[in-house]
Amino acid sequence: MIDIKRLRDDPEAVRSALARKKFSFDLDTVLELDAQRRTAIVAAEQAKSEQNAANKTMASLAKGSPEFLEKVTEMKTLSARAKELENSCRDAEEAFQKAFLSLPNLPDPSVPDGREECDNVVVSEWGKCLPAAPYRVPHWDIPWFAKAIDFGRGVKATGAGFPFYVGDMARLVRALIHLFLETARRNGYEEVLPPILVNEASATATGQLPDKEGQMYADTNEGLYLIPTAEVPVTNFYRDEILPADALPICRCAYTPCFRREAGSWGSHVRGLNRLHQFDKVELVKWTDETSSFDELERLRNDVEGILQALDLPYRVLLMCAGDIGFPHAKQYDLEVHAAGQDRWLEVSSCSNFTDFQARRAGIRYRDKDGKPRVVHTLNGSGLAIPRVLAALLENNLQPDNSVRLPKVLQDFMGQDSIQF
RNA sequence: GGAGAAGUGGCUGAGUGGUCGAAAGCAGUUCUUUGCUAAAGAACCGAUCGCCUAAAAGCGAUCCGUGGGUUCAAAUCCCACCUUCUCCGCCA
């Protein structure tokens with residue numbers, strides 16, 4: 001959630017900032033509910049204060065004395081009134097919270113205007129896109145693809161979008177996970193292995209709820225959700241905690257499988273590895289103070305770019321426009337690799353600064369030099385999502401003999417310089 | 001899954017239904033003193049929300065695992081749930 005004080009102080013600035021995003025919002029209602037809530041609080045606290053005072057005098061009276069009994073009658077009235085006001089106060093608070101929680105984060109001023117995908121700005125490109133050639137095909141058309149990544153048997157075991165990776169392909173996935181984690185470790189991120197089911201409070205804190213409820217697989221028996229990204233459990237590591245000032249910045253990395261229902265987002269363009277219900281990803285997460293989060297975002301992005309360069313995959317970096325960034329995001333870069341067989345850019349990472357939006361929901365703070373609690377800033381970025389990286393590797397490194405040459409960084413781990421089925 | 005025990009401030013740990021935000025100790029901050037990388041003494045030392053402020057101070061409300069209930073009044077009594085520990089059973 002955003003800072004309510006900021007909204008009160010300058011609603012028009014908040015209004016125009018939010019208007020740049022694609023989400024609908026109702027500031028006037030929020031402000032009105034805030035005012036109502038505060039009036040209710042004043043009334044309830046006043047009543048409660050009177051009751052407390054009466055209670056105090058009562059404590060000094062002898063039990064059962066006439067004065068005492070008289071006070072009991074008075075207290076009954078006060079108590080009933082206080083309870084009543086307290087209830088209306090709670091209702092007002094709930095109504096306010098519900099409306100307030102539905103406000104998205106403010107986009108940073110450095111984020112360009114725009115309504116859709118085509119308004120995103122390419123801020124850098126690395127490497128050369130490979131030219132078309134007769135033997136370059138989409139990865140799903142590689143003759144042995146169905147053997148190496150078995151979608152058919154995945155359907156049998158689970159359903160569409162849950163493939164089996166077989167033999168050297170399974171090893172290759174493991175090699176990528178290893179490479180990503182080790183690269184992150186060398187860049188100063190501490191590895192964690194988090195739970196992959198989270199509760200409602202965690203999903204709300206990072207902003208998946210209530211905005212994207214339908215995107216997650218849920219265990220309704222236990223009230224738990226399969227994580228759509230490691231961001232959720234990892235960010236919640238410090239939920240409701242106050243960190244010492246010298247702890248920041250904290251950098252963590254985590255490998256997890258990720259689960260997304262992707263309801264209604266299927267079509268001919270999402271064949272093969274382009275979109276799955278379950279996929280593997282290494283996620284990078286940072287907690288910083290409010291002065292350095294945008295610098296840390298650049299560092300994060302740089303760390304992720306390093307991996308793509310090591311894999312020798314041509315990529316570009318998009319600065320997402322205000323209309324295309326997510327609900328909790330203040331600023332977001334998308335990294336896309338070029339897959340030569342499809343001649344398409346595939347998003348493999350999204351690096352974002354959430355400023356204080358998630359941290360405020362999650363109650364993650366740090367103690368500044370004066371000992372005052374302040375809300376931290378949170379960031380995260382994929383480093384990286386495996387299937388699309390794999391798609392690009394297969395398509396870009398496919399040889400005329402249908403083998404796939406491995407980049408140097410993977411050869412050592414795999415103990416071979418190419419794969420072939 | 002069965003049987004017990006427990007959940008209090010950063011930590012340890014008192015707490016009789018009313019004067020308890022809550023003793024005490026530790027840690028922390030500031031100061032005093034002693035010439036020596038330390039000791040002693042003193043003061044301060046939780047969070048959230050609201051009112052008032054330019055801001056602070058100040059005032060008020062709330063918080064003793066969570067949510068209900070009893071009562072004029074609950075950390076204290078009752079119920080449910082969650083978590084932790086011990087014992088038994090089962091199991092990767």
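So you know, we letter chains A, B, ... as the sequences are listed, proteins then strands, and number each from 1.
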Give [X] one of three labels, base, sugar-phosphate or nothing, depending on what nucleic acid heavy atoms sit under 4.0 Å from its own.
X: A/R8; result: sugar-phosphate
X: A/R81; result: nothing
X: A/F68; result: base

Which sits closer to the 5' end of RNA chain B, A/I4 or A/T73, going by the nucleotide each is nearest to? A/I4

When you match A/R367 and A/K5 each to their closest nucleotide on RNA chain B, which lands nearer the 5' end? A/R367

With sequence neighbours excluded, tell me which residues meet salt bridge (Lys or Arg N to Asp or Glu O under 4.0 Å) with [X].
X: A/E290; answer: A/R374
X: A/E74; answer: A/K71
X: A/R174; answer: none
X: A/E86; answer: none

According to ring pair (Phe, Tyr, Trp, His ring centres under 6.0 Å), who are the partners of A/Y238, at least two apart in sequence or on a separate chain? A/W287

Pairing residues for A/F354 by the ring pair (Phe, Tyr, Trp, His ring centres under 6.0 Å) criterion, not counting sequence neighbours: A/H329

Please state the [atom1] separation for the pair [N] and [M] - nearest whole angstrom.
N: B/A3; M: B/G65; atom1: P; answer: 24 Å
N: B/C45; M: B/U29; atom1: P; answer: 15 Å
N: B/C49; M: B/C82; atom1: P; answer: 30 Å
N: B/A40; M: B/G25; atom1: P; answer: 14 Å
N: B/A75; M: B/U32; atom1: C1'; answer: 38 Å
N: B/U76; M: B/G21; atom1: C1'; answer: 15 Å
N: B/C85; M: B/A27; atom1: C1'; answer: 26 Å
N: B/U33; M: B/G67; atom1: P; answer: 50 Å

Does A/F96 have A/R37 sitting over its ring (NZ/CZ under 6.0 Å from centre, angle to axis within 45°)? yes

Looking at A/R299 and A/D303, is there a salt bridge between them, counting it only when a charged N and a carboxylate O are closer than 4.0 Å? no

Within residues 234-243 of chain A, those residues having any heavy atom closer than 4.0 Å to RNA chain B are none

Does any residue of residues 29-54 of chain A have a heavy atom under 4.0 Å from RNA chain B, and if so, which ones, in number order? A/R37, A/R38, A/I41, A/V42, A/E45, A/K48, A/S49, A/Q51, A/N52

Can you pull the contact range of chain A along RNA chain B, 5' to 3', using atoms under 4.0 angstrom from its heavy atoms? B/G18 to B/A73

Ignoring hydrogens and geometry beyond distance, is a side-chain donor-acceptor pair present between [X] and [Y] at under 3.5 Å?
X: A/Q309; Y: A/Y315; answer: yes
X: A/S202; Y: A/N199; answer: yes
X: A/Y333; Y: A/E298; answer: yes
X: A/E395; Y: A/Q342; answer: yes

Dot-bracket for RNA chain B, please, read 5' to 3', with Watson-Crick or G-U wobble pairs under 3.5 Å on both distances, ( ) within the strand, [ ] crossing, | other strand, . unpaired. ((((((((.[[[..)..(.....]]].(((((.......))))).((((((......)))))).[[[[[..)....]]]]])))))))....

Suppose we screen for side chain to side chain donor-acceptor pair (under 3.5 Å). Which residues come up paired with A/N402, at least two apart in sequence or across chains? none

Not counting sequence neighbours, list each pair that qualifies as a ring-ring contact (aromatic ring centres under 6.0 Å, His included) and has a residue in residues 12-56 of chain A. A/F23-A/F327

